[in-house]
Protein chains: 2
Amino acid sequence: MKSDKISEAVVRRLPVYLRYLQELYKREVTTVSSQELGLKLDLNPAQIRKDLAYFGDFGRKGIGYDVAYLIDKIRQILKIDQVINVALVGAGNLGQALSNYNRYVKDNMKIVAVFDSYDKKIGTMINTLTVQPMEELQNTVKERNIRIGIITVPDFEAQRVADCMVEAGIEAILNFAPIIIKAPPHIRIHTADFTTDLLSLAYYLESEEGKEETEDDKS
Amino acid sequence: MKSDKISEAVVRRLPVYLRYLQELYKREVTTVSSQELGLKLDLNPAQIRKDLAYFGDFGRKGIGYDVAYLIDKIRQILKIDQVINVALVGAGNLGQALSNYNRYVKDNMKIVAVFDSYDKKIGTMINTLTVQPMEELQNTVKERNIRIGIITVPDFEAQRVADCMVEAGIEAILNFAPIIIKAPPHIRIHTADFTTDLLSLAYYLESEEGKEETEDDKS
DNA sequence: TAGATTGTTAATCGATTAACAATC
DNA sequence: TAGATTGTTAATCGATTAACAATC
């Protein structure tokens, strides 16, 4: 196959493949079939083959995919074969959690600066990074070649922060605030709104059959 | 329209509608049209009307939707018109961030218990809650009528925790570990894997034109 | 009334899955 | 060779969007 336009659904599955392939690699598994992948990742094998075939002929008929080779290829496709520098804005609990979470360093995503707009936070340390005032965003983005911004501020500040990021030349934003932020079309925005995930989960609960809340006593 | 089977895509948009409607309510806006909603939420107005029409005739032709009424209805549909008790397993940074994040209390989702399997964590306080050992999960779930579980443990523990949750009678799981966890089909699982969001973001970056990494000096 | 906006059908668009020839 | 598995086409399935009669 090789190119067409790649749909977002496909792109979002690539990191999922990558993650599991890396686990296989660690376990010294050298080859994997679309069927095995599908089983493990709850995906249709045909879909996996099709996804990968958009980008090239990575497999071998009768054999499957070479794990190490496919890891390399997916990393290239995702453009994480080089280190990508990331700025985090919002040094609250979630921001701290994210910057402590160093798993993505391995994936060549590196948080290299943390910002906040509250005086109290500025100057404090998060891991090895000093929290900087928002005024320094623009310069730091340029100096440190920061390309992605993560927003972990309260929702009422999220749009303002996004605007600053865009102005500073950031190319893509991961937004944790439960709000739809607006940006020019060349800026890619992903929303990581777990409150949506949580609330929609409730829909799938079995209807109560005479259950009541724990706390307030209706009797 | 009224019922058929409701697709997951529809259900996932309901919390998004709800959130913005609640904001409108706070601002004392009483009525809103699908067009206004669409503009604000980056969605097609026809899609919004269709989504809502699955559940009933909530709007008025020529007028739009009554904000307060629609909030009520969506809360009913999502089954968050009653308090839903939630257990959090994993008292690390992310777990702390989530339990501090009290926004969903307003949405009738309430974290009523926190668990961890590390001795060091057990007995410490997270907000008003004492971290309990995993052994108490089963009993606490029953006693406190906990229906949803949130997993914020490292990936290698996630499946084990999920198994415990299922055994304890939890009905739905929000999983933050970057791994596909398996459970019986009647258990609903949502994955809130922000590393996927972050990595897939890189795909959309403009290709480098002679840029290099910040840190290591190639010259 | 005239203008606005819903609910719903039909048309379009896109994504997933099945099937199979090619080939290791 | 026989068995396995890819890459890809065709078929299916599902979701989004346009259009418009109904009606406030």
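Computed from heavy atoms alone, side chains included, the values below leave out hydrogens, waters and symmetry copies. Residue numbering restarts at 1 for every chain, and letters A, B, ... go by the order of the sequence lines.
Rounded to whole Å, atom C1' of dT6(D) lies 14 Å from atom CD of E36(A). D57(A) has its CG atom 11 Å from the P atom of dT23(C), to the nearest Å. The separation between I63(B) atom CD1 and dG7(C) atom P is 12 Å, rounded to whole Å. Across the protein-nucleic acid pair, Y54(B) atom OH and dT6(C) atom C1' stand 16 Å apart, rounded to whole Å. In this structure, CG of N44(B) is placed 11 Å from P of dA19(D), rounded to the nearest angstrom. Counting to the nearest Å, the C1' atom of dT6(D) and the NZ atom of K73(A) are 17 Å from each other. When the P atom of dC24(C) is taken as reference, atom CZ of F58(A) falls 17 Å away, rounded to whole Å. Between D51(B) atom CG and dT17(D) atom C1' there is a gap of 12 Å when expressed in whole angstrom units.
The nearest heavy atom of DNA chain C to A46(A) and to Q35(B) marks one nucleotide each, and the one closer to the 5' end goes with Q35(B).
Here the nucleotide nearest the side chain of Y65(B), chosen from dG7(C), dT16(C), dA18(D), is dG7(C). Which of dT9(C), dG7(C), dT6(C) sits closest to the side chain of A53(B) comes down to dG7(C). The listed nucleotides are dT23(C), dT5(C), dT8(C); the one nearest the side chain of K61(B) is dT5(C). Between dT17(C), dT6(D), dT6(C), one nucleotide has an atom nearer to the side chain of S33(A) than all others, and that is dT6(D). Set against dC24(C), dT16(C), dT17(D), the side chain of R60(A) has dC24(C) as its closest nucleotide.
Side-chain atoms of D51(B) and Q47(B) include no donor-acceptor pair closer than 3.5 Å. With 3.5 Å as the limit, one finds a donor-acceptor pair spanning the side chains of R19(B) and T195(A).
With a cut-off of 3.5 Å on both pairing distances, the Watson-Crick or G-U wobble partner of dA22(C) is dT5(D). The pairing partner recorded for dA10(D) is dT17(C), the criterion being a Watson-Crick or G-U wobble arrangement whose two distances lie under 3.5 angstrom.
One finds a salt bridge joining R12(A) and D197(B) here, because a Lys/Arg side-chain nitrogen approaches an Asp/Glu carboxylate oxygen to under 4.0 Å.
Here R49(B) lies in heavy-atom contact (under 4.0 Å) with a base.
Regarding contacts with the backbone of dT5(C), every side-chain N or O of S34(B) stays at 4.0 angstrom or more from both OP1 and OP2. For dG14(D), neither phosphate oxygen OP1 nor OP2 lies less than 4.0 angstrom from any side-chain nitrogen or oxygen of S7(B). OP1 or OP2 of dT16(C) has at least one side-chain nitrogen or oxygen of R13(A) nearer than 4.0 Å.
From I170(B), atom CD1 reaches atom CG of L205(A) across 10.5 Å, with rounding to the nearest 0.5 Å.
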Please evaluate residues L88(B) and I126(B) with respect to the criterion side chain to side chain contact (heavy atoms under 4.5 Å, CB included), reporting the C-alpha separation (whole Å), side-chain torsions for both, the decisive distance (0.1 Å), and the verdict. CA-CA 11 Å; L88(B) 181 87; I126(B) 290 206; 5.5 Å; no

